Amino acid sequence: MTDKKTAQEIMLEHVKQKGIKTAFDRTASMAPCPIGSAGSCCKICNMGPCRLNPKKPDEGTGICGATASTISARNFARMVAAGAASHCDHGRAVAHTFLLTARGEVSGYQIKDVKKLHSLAAVYGIETSNRTKEQIAEALALAIIEEFGAHDSKLNMPKRAPQPRQELWNKLNVWPRSIDREVVDLMSRTVMGTDQDDRNIYMASARCALANGWGGSMIATELQDILFGTPVPTRGKVNLGVIKKDEVNIIVHGHEPLLSEMIVIASKDKALVELAKSKGAKGITIAGVCCTANELLMRHGIPVAGNFSQQELVLATGAVEAMVVDVQCLMQALTEMAACYHTKIITTSPKAKITGAIHMEFDEHSALATAKEIVKTAIENYPRRGETCIPQEDTELVCGFSHETINYMLGGSFRGSYRPLNDNIMNGRILGVVGVVGCEVPSLNSNQAHYDLITELIANNILVVQSGCSALGSARNGLLLPETAIKLAGKGLAEVCQTVGIPPVLHAGACVDNSRILVAAAAMVQEGGLGKDISDLPVAGACPTWMSEKAIAIGMYFVASGVFTVFGPRLQTMGSKKFEKLLCEDSEQIFKGRWGVSDNPKAMAQMIIDHINNKREKLGINKAKERVLYDMAMRRDLKIE
Ligand code: NFS
Ligand code: SF4
């Protein structure tokens, strides 16, 4: 990174001059509660809230006798339940729209990826012969919707995991029964006076998290791909400079692409473009924030204005006619910031209203009409725009690395395959693969933490796969540009990336798309040569600065899938060494995967490198070996016994 002022720094100075406060200021003035940070505050009944002393881990109990480890485990479990609930509810909304699309009850949506429809139908045992794509889609939608509320069945997607992993889940009784049931189970067992065994609570957390990763999130990703297209390598732009001075700017923010996809279509409507021109604008720009941004970027190359931490700064440009939000990661402070300008905040989900915002509700049946109405509202707001401050910074990026793309890029269109990746891991050009995911928080060193971790990993020949706001932060830093990133990669990794034509940091999508990483890991095992289970692979997960409960749910399903996963700067569990030992040590015996914690990106990188070397050692591939290509003479010399 350079010394030049970043767009974020320019905006922070700008708002300071105007006397407007943002989350960056509030972060600086908020001292997090040390008891809550340690996970040692229990407020699940009214005899408390009980607070244990975080400086004396595992000492004392709550009024009911609950120990620090039980309190920590319950708090942890409730984060997993909330995180899983939100990702899975996203999946449910997509499944519902998918069903309506299959039945022809909505306009604007279509079954785009028929190949993926068939492959998913196979996972669910849906008959495909002599059926139209709509008939297959309807049967698939019904089977998937059933999985949310089924009483006592088993989710289908975990069948995509390697066989030994499936057997382990069965043995441990953590194969999710149905999505809603696992969330309810976790909430019900953590009320006052139910489950008071930290390990039992942890196991239930794992089952609920698996219902997210190999359930709700995977459903969201796969059905969105069928409806809107599976991402392929796409160029895009990120940073505040994507906001146009002379156009109507509409920012889409949140997570579910169901409405924002329609807004993109509406923004190209001739009559609306004409209307924008009649108001003096040159056109209409759509740009994204957070995971809605990732969804549109991955599939259409729609530019990204910023990630989670910059959502207020986007509005502070004064050039946003409307910010359209759906669900999750929306700061309530948006309406206050918008009130300083002409900007309209438009909420669209019945479950996410914000006091002070305009509500224009999304309904699949009239999605395109609502989208047009929203675009029109923004256009009509354009003449009210006042002074603007748009930093002229935007960085190019390449994204679109779905599991299918990686397969195709590496193996070619006729023989899509992970063989070249596995071979390059085996011959040591690539040391391993790490998923770097999660949030960037409004503090100045959050982006730096991601940068430091990722550059350290790629310099050590580790291929990085990213998602969420973490990926958007890397995009800002230029790390998703093949040219920039290859300069920073180790020799072996750089060679492979140049040959195949991929950057060493691959953007896989939104946070629900971490499910793509699970599918890719299963495919690497399937390809052969790197062990029999995900836990044998030289891979790891990292989340350098997590913010949302969703991140904890993701970490838990990575770990329960057999992946060593490091979080920073802390987990809210320090009040119990016993519970931390369960997460960071004993988990290894249970899941062959465990949590790690570090507040230092370099140390985090070292933990990961050590782990990967360890896995390589176990696989017997720890020495960098060049693959010998036999010529005819050498072949003749080979003795066949
Ligand atoms: Ni993930 Fe995406 Fe960003 Fe964090 Fe929020 S937008 S779902 S939770 S902040 S990465
Ligand atoms: Fe305190 Fe126990 Fe009630 Fe929690 S459940 S608030 S520890 S009395």
Side-chain angles (χ1 to χ4, degrees), residues 23 35 39-52 60-75 78-79 82-91 189-196 201 212-213 216-217 220-221 252-257 288-298 304-311 325-331 352 435-443 446-447 450 466-475 507-515 542-555 567 575-576:
I35 304 168
S40 295
C41 170
C42 181
K43 57 180 181 62
I44 64 170
C45 95
N46 202 33
M47 291 193 286
C50 298
R51 298 168 307 145
L52 306 191
T61 68
I63 291 171
C64 66
T67 58
S69 73
T70 296
I71 292 173
S72 262
R74 282 196 300 227
N75 287 335
R78 287 187 163 217
M79 282 200 268
S86 64
H87 279 154
C88 295
D89 226 25
H90 173 171
R189 73 172 62 227
T190 52
V191 289
M192 194 276 156
T194 305
D195 203 346
Q196 288 156 101
I201 296 167
N212 176 8
S217 282
T221 297
V252 285
H253 173 15
H255 286 76
E256 296 177 356
V289 170
C290 280
C291 282
T292 293
N294 278 319
E295 300 280 5
L296 297 181
L297 170 72
M298 289 280 285
V304 178
N307 62 5
F308 174 75
S309 54
Q310 297 147 342
Q311 53 187 286
V325 302
D326 50 79
V327 290
Q328 304 169 23
C329 300
L330 318 167
M331 289 191 192
V436 181
V437 306
C439 326
E440 215 178 272
V441 293
S443 88
S446 182
N447 181 255
H450 288 258
Q466 285 210 269
S467 68
C469 290
S470 174
L472 297 178
S474 288
H507 186 356
C511 284
V512 289
D513 296 332
N514 284 323
S515 61
C543 185
T545 58
W546 70 279
M547 175 282 295
S548 168
E549 291 161 315
K550 290 177 284 174
I552 298 297
I554 293 166
F567 268 52
S576 171

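Because only heavy atoms are used, hydrogens play no part in the values below, and waters and symmetry mates are left out as well, while side chains stay in. On a predicted model such as this, the values are computed, not experimentally measured, just so you know. Counting convention: from 1, in listed order, for ligands and their atoms alike.
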### Query
Relative to the heavy atoms of G62, which atoms of ligand 2 are at a distance of less than 4.0 Å?
7 (S)
### Task
State the atoms of ligand 1, each with its element, that fall below the 4.0 Å cut-off from a heavy-atom position in F308.
9 (S)
#### Entry: ligand 2 atoms in contact with C42 (distance to a heavy atom under 4.0 Å)
4 (Fe), 5 (S), 6 (S), 7 (S)
### Query
Would you find a donor on one side and an acceptor on the other, under 3.5 Å apart, between the side chain of S69 and the backbone of S576?
no
### Query
From C291, does some N, O or S atom reach closer than 2.8 Å to atom 3 (Fe) of ligand 1?
no
#### Entry: atom 1 (Fe) of ligand 2 - nearest protein heavy atom and its distance
C50 SG, 2.3 Å
### Separation of R74 CZ from D195 CG (nearest 0.5 Å)
9.0 Å
### Summary
What one should report as the nearest heavy-atom pair of V436 and P544 is CG1-CD, 4.1 Å
### Query
For ligand 2, which atoms sit closer than 4.0 Å to a heavy atom of M47?
8 (S)
### Query
Taking only heavy atoms of R74, which atoms of ligand 2 are found under 4.0 Å from at least one of them?
4 (Fe), 5 (S)
#### Entry: Nearest non-hydrogen protein atom, atom 1 (Ni) of ligand 1
C511 SG, 2.2 Å
### Query
Any non-hydrogen atom of A510 lying under 4.0 Å from ligand 1?
no
### Where ligand 2 meets M192 - atom numbers and elements under 4.0 angstrom, heavy-atom basis
5 (S)
### From CD1 (I71) to CG (L52), nearest 0.5 Å
4.0 Å
### Message
Using 2.8 Å as the threshold, say whether any N, O or S atom from H255 sits that close to atom 1 (Ni) of ligand 1.
### Response
no
### Task
Please could you name the atoms of ligand 1 that M547 approaches to less than 4.0 Å, counting only its heavy atoms?
9 (S)
### Task
Can you measure from NE2 (H253) to CD (Q328) and round to the nearest 0.5 angstrom?
11.0 Å
### Summary
Of all protein heavy atoms, the one nearest atom 3 (Fe) of ligand 2 is C45 SG, 2.3 Å
### Query
Considering only the protein, which heavy-atom contact is closest to atom 5 (Fe) of ligand 1, and what is its distance?
C329 SG, 2.2 Å
## Note on the structure
re atom 4 (Fe) of ligand 1, the protein heavy-atom contact at minimum distance is C439 SG, 2.4 Å
### Query
Looking at atom 3 (Fe) of ligand 1, what's its closest protein heavy atom, distance included?
C469 SG, 2.3 Å
### Query
To the nearest 0.5 Å, how far apart are CE in M192 and CG in N46?
11.5 Å
### Message
Is it true that S443 and S446 share a donor-acceptor pair across their side chains at a distance under 3.5 Å?
### Response
no
#### Entry: Proximal ligand 2 atoms for C64, defined as those under 4.0 Å from one of its heavy atoms
2 (Fe), 5 (S), 7 (S), 8 (S)
### Message
Distance check, rounded to the nearest 0.5 Å: R78 atom CZ versus E549 atom CD?
### Response
11.0 Å
### Query
With distance as the sole criterion, is a donor-acceptor pair present between the side chains of H90 and K550 under 3.5 Å?
no
### Query
If you measure from CG on L330 to SG on C290, what distance do you get to the nearest 0.5 Å?
7.5 Å
### Query
Would you find a donor on one side and an acceptor on the other, under 3.5 Å apart, between the side chain of N514 and the backbone of C511?
yes
